[in-house]
S.K.: 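This is the structure I have questions about; it appears just below.
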2 protein chains.
Amino acid sequence: MMSRPTGDDRSTAKARPSVALIGSFRQHFAEVRRAAEVFAAAGFTVRTPPLVPLRDVDREFVRFETDPHLSLDHHIQDITFDKIFSSDFVYVVNPDGYLGRTTSYELGRILERGMAVYYAEPPKDLPIEIAEGTVLSADDLVACVLGEVLTAPARRPRVAALPTADIVILTIRDRELHVLLIKRGKDPFRGKSALPGGFVRPGESLEDTARRELEEETNLGGSLLMEQLHTFSEPERDPRGRIVTTAFLAIAPDLSDVRGASDAARADWVEVDESMWRDPARLAFDHGDILRRALERARVLLEHTTVAADFCPRRFTISDLRKVYEVIWGVTLNPQNFQRKVREVKGFVIPTHERRDGRQGRPAELFRRGPAEHLDPPMLRPRQRNSP
Amino acid sequence: MMSRPTGDDRSTAKARPSVALIGSFRQHFAEVRRAAEVFAAAGFTVRTPPLVPLRDVDREFVRFETDPHLSLDHHIQDITFDKIFSSDFVYVVNPDGYLGRTTSYELGRILERGMAVYYAEPPKDLPIEIAEGTVLSADDLVACVLGEVLTAPARRPRVAALPTADIVILTIRDRELHVLLIKRGKDPFRGKSALPGGFVRPGESLEDTARRELEEETNLGGSLLMEQLHTFSEPERDPRGRIVTTAFLAIAPDLSDVRGASDAARADWVEVDESMWRDPARLAFDHGDILRRALERARVLLEHTTVAADFCPRRFTISDLRKVYEVIWGVTLNPQNFQRKVREVKGFVIPTHERRDGRQGRPAELFRRGPAEHLDPPMLRPRQRNSP
DNA sequence: AGAATAGTGTCTATGAGACAGTATATG
DNA sequence: CATATACTGTCTCATAGACACTATTCT
């Protein structure tokens, strides 16, 4: 839980400066190439444009001879953006001041990222703030970078993310712990099992999203307990881009039927199994980590709250309740002492004076859950005694 | 912690979706206004454009009658971006397909931010990937957001958010609990006290961001304990737009000096006081809620872990440690029993055989913290005895 | 000496765990 | 009847809390 920091240093060797050039390659290709040669001569890495001839000069979006023929414009543009975003700064070649629509679009993305941008001429007719000292020739810019007196960027780059909510819905079926998983119908991880979840929609909080997904997956989402667990934000956790997920834990009684498919994905109860987090490839994304954390949380919740009763049907016996503790804690408990402890806690279970029979042995009394939420003192989880 | 669903319908509780319209207002003002009226009629908040006449129709960058006369174009544009970025999604009104340069630039910034974007027509001649189901009429878009069934495929809007990390840094000074707060130098909440925090930057996880901020605010960020607490995502929690914050808890020993200002904001230790969360206006944003939750968490951590020692200087007495528990739990503890309990736990405190004197009374032995992280059995917090 | 703080020894009440024993069903 | 499960009563042992008592400093 509480993390102690590691002592890594992040001082790395300095690389050659890299630059990306943008501007209307169609209209000003000669100027662009000339500027690129100035940077290259100074030892800079010129990430884009490639120094090869143009193709399809009559279209708005120009291509180079090295570009693949069949790709869509936006695929080529994606590759260009990779080059631009991995550069140290951007130089806008606009000899007449004007920028085309594609360059305007690129500039929007570049500025939103907070990158350092320099201009050959003050851009005309675009509502952009031009910081002082950012309009200069390629030669001056080289001198400036080598002298390390860069004035841009104006803003620290911020990362935008798509927030999602994933839910670990636990239940007990056939005396074993089960979790609700869906089979993914789309890439990435198509065909893999994953936790149910989804993107936050307009006007929703993460809790709203989680409750909506719960409602979609189980038909009694509105009545289930739910708790926020943890937020997972590793930059590479989702191959689709920056997706930050907040995990929720929900606890369900034994539901025999799960509502039908949503989003062409089937939801199923799957027995919880240690390989789900031991083997990271068992579940999609980092859902193994999420599940492990959910289980740890459930164990603690059982100690301090009355949630165990939420795993049980409306009427349950003390044995049913004990089984919940045994399955989630992975222990066996003394039935006599468990009985005494549970019945002593005020408001945990309420006798109904009905009995359940049909099984072997003395019929057990049925209880329903009481109003108590917290266990004080907590249920003690058997632990290793201190050896004397 | 565990939330039982309340019986309220969330049709009322949910915030109204908000939309920003972009496009060439100069050429297609009538269409823009018509679309805006569709959204407004459905109860959506239309953040931009304002429904007032235009001015300076002959220039590339158009202005509205409500815009201030003397401002520079880019200042007006900044205000527009604030409105766009605080919307849930964007609708591009481009009846003929083409986008102007200003709209292209705006679109670049909007897409780089990961916002959900819809188009009236497929944009022509811009290298943008148009996801399936994002070209549709304003009426269809309204229906899609409201979750109604559509004949045409429509992609449900996903909300993009800026993730931030806020840190509650607790310490004990002069035998009182203190929290590190900054005075905000910018709007919103200029001049108000707030928790230190900041935006996630490229390549960072939330934990990286929190650790960096901690480092910036205290000069020993690298060595402090830190734990993720909770993620706050209410749509209206930040007036600047969709900002989802993850709160962290850090625990510091008594630092006499805090590193100087960063971002023109001074950081100061402030004594923790119940009014900070009782009165929501005391702290900026929802930082009162965050602080309350941090304090609850700190109380639990003291029970089950050895973090209390992290509040103390490198060498400390048992009394120092006891004071930590007393201050954070808000109780008085029996000194004798506390002493026995702490010294019995293996690896909590290690005697140094040095003594501290200079005060009244018998000099106390100095200890340093041991390797143990967890307390098992936990420190018991005095609680109300069951009345018989 | 007296006050103040540190630290030790010891008694007691509580409650968890072990387990014997009783109750009541099925086959 | 045996067997299985449900439930009760009682003993034991660990330990949290109370508190008397000793130790060592300052005023």
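Only this structure's heavy atoms are used, side chains among them; waters, hydrogens and symmetry mates stay out. Here is how names work: the chains are called A, B, and so on, in the same order as the sequence lines, proteins then strands, and each is numbered from 1.
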S.K.: A:Leu224 and side chain to side chain contact (heavy atoms under 4.5 Å, CB included): which single residue from A:Ile167, A:Thr218, A:Asp310 fits?
M.R.: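 The residue from A:Ile167, A:Thr218, A:Asp310 that satisfies side chain to side chain contact (heavy atoms under 4.5 Å, CB included) with A:Leu224 turns out to be A:Thr218.
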
S.K.: Using a strict cut-off of less than 4.0 Å between a Lys/Arg side-chain nitrogen and an Asp/Glu carboxylate oxygen, indicate whether B:Arg356 and B:Asp320 qualify as a salt bridge.
M.R.: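 The answer is yes: the pair qualifies as a salt bridge.
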
S.K.: Starting from C1' on D:dA6, measure out to CG on A:Leu333 and report it in whole angstrom.
M.R.: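 The answer, rounded to whole Å, is 16 Å.
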
S.K.: Could you state the atom-to-atom distance from CD of B:Glu365 to P of C:dA6 in whole Å?
M.R.: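 One finds 12 Å between P of C:dA6 and CD of B:Glu365, rounded.
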
S.K.: Give a yes or no on whether a donor-acceptor pair under 3.5 Å exists between the nucleobase atoms of D:dG9, that is its base, and the side chain of A:Arg340.
M.R.: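 Not at all, since no donor on one side and acceptor on the other fall under 3.5 Å apart.
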
S.K.: Would you please classify the geometry between the B:Phe232 ring and the B:His230 ring as parallel, tilted or perpendicular, with 30° and 60° separating the classes?
M.R.: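 Perpendicular: the ring planes of B:His230 and B:Phe232 meet at over 60°.
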
S.K.: Report the nucleotide, chosen from D:dA16, C:dC19, D:dG17, that has the shortest atom-to-atom distance to any side-chain atom of B:Asn337.
M.R.: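 Nearest to the side-chain atoms of B:Asn337, counting from C-beta on, is D:dG17.
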
S.K.: Between C:dA6 and B:Ser319, is there an OP1 or OP2 to side-chain N/O distance shorter than 4.0 Å?
M.R.: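 Answer is yes, contact under 4.0 Å.
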
S.K.: Let me know the distance between CG of B:Leu366 and P of C:dT5, rounded to the nearest Å.
M.R.: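 My rounded result for the distance is 17 Å.
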
S.K.: What pairs of nitrogen or oxygen atoms, one from the protein and one from nucleotides 23-27 of chain D, lie under 3.5 Å apart?
M.R.:
residue : atom : partner  : partner atom : Å
D:dA23  : O4'  : B:Arg362 : NH1          : 3.3
D:dA23  : N3   : B:Arg362 : NH1          : 3.4
D:dT24  : O2   : B:Arg362 : N            : 3.0
D:dT25  : O2   : B:Gly361 : N            : 3.3

S.K.: Is the distance from the ring center of A:Phe338 to that of A:Tyr325 below 6.0 Å?
M.R.: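 Centroid separation for A:Phe338 and A:Tyr325: below 6.0 Å.
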
S.K.: From CZ of A:Arg356 over to C1' of C:dT24, roughly how many Å is that when rounded to an integer?
M.R.: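 In whole Å, C:dT24 C1' and A:Arg356 CZ are 15 Å from each other.
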
S.K.: In whole angstrom, what separates B:Leu380's CG from D:dA14's P?
M.R.: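 One finds 18 Å between P of D:dA14 and CG of B:Leu380, rounded.
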
S.K.: Got a salt bridge between B:Asp273 and B:Arg282, using NZ or NE/NH1/NH2 to carboxylate O under 4.0 Å?
M.R.: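 Between B:Arg282 and B:Asp273 there is a salt bridge, with a charged N closer than 4.0 Å to a carboxylate O.
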
S.K.: Would you mind telling me which residue lines up with the more 5' stretch of DNA chain D, B:Glu344 or B:Asn334, judged by nearest nucleotide?
M.R.: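 By nearest-heavy-atom nucleotide position, the 5'-most residue is B:Glu344.
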
S.K.: Which listed nucleotide (D:dA6, D:dT8, C:dG9) is nearest to the side chain of A:Arg343?
M.R.: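 Closest of the options to the side chain of A:Arg343: D:dT8.
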
S.K.: Quick check for you: to the nearest 0.5 Å, what is the distance between A:Lys323 atom NZ and A:Thr332 atom OG1?
M.R.: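 So the NZ of A:Lys323 and the OG1 of A:Thr332 are separated by 8.5 Å.
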
S.K.: Looking at B:Arg212 and B:Glu216, is there a salt bridge between them, counting it only when a charged N and a carboxylate O are closer than 4.0 Å?
M.R.: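 Counted as a salt bridge, because a side-chain N and a carboxylate O are separated by less than 4.0 Å.
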
S.K.: Distance check: side-chain N/O of B:Lys341 vs OP1/OP2 of D:dA16, anything under 4.0 Å?
M.R.: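 Yes.
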
S.K.: To the nearest Å, how far apart are A:Arg381 CZ and C:dG15 P?
M.R.: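 The answer, rounded to whole Å, is 22 Å.
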
S.K.: Identify which nucleotide among C:dT8, C:dA6, C:dC19 has an atom closest to any side-chain atom of B:Ala364, counting heavy atoms from C-beta outward.
M.R.: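 Nearest listed nucleotide: C:dA6.
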
S.K.: Whole angstroms only, please: what is the CZ-P distance between B:Arg322 and D:dA16?
M.R.: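 B:Arg322 atom CZ is separated from D:dA16 atom P by 17 Å.
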
S.K.: Starting at atom NE2 of B:His353, determine the distance to atom P of C:dG7, rounded to an integer number of angstrom.
M.R.: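 Going from B:His353 (NE2) to C:dG7 (P), I get 13 Å.
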
S.K.: Once you apply a heavy-atom cut-off of 4.0 Å, does B:Thr317 come out as touching a base, just sugar-phosphate, or nothing?
M.R.: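 Touches nothing.
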
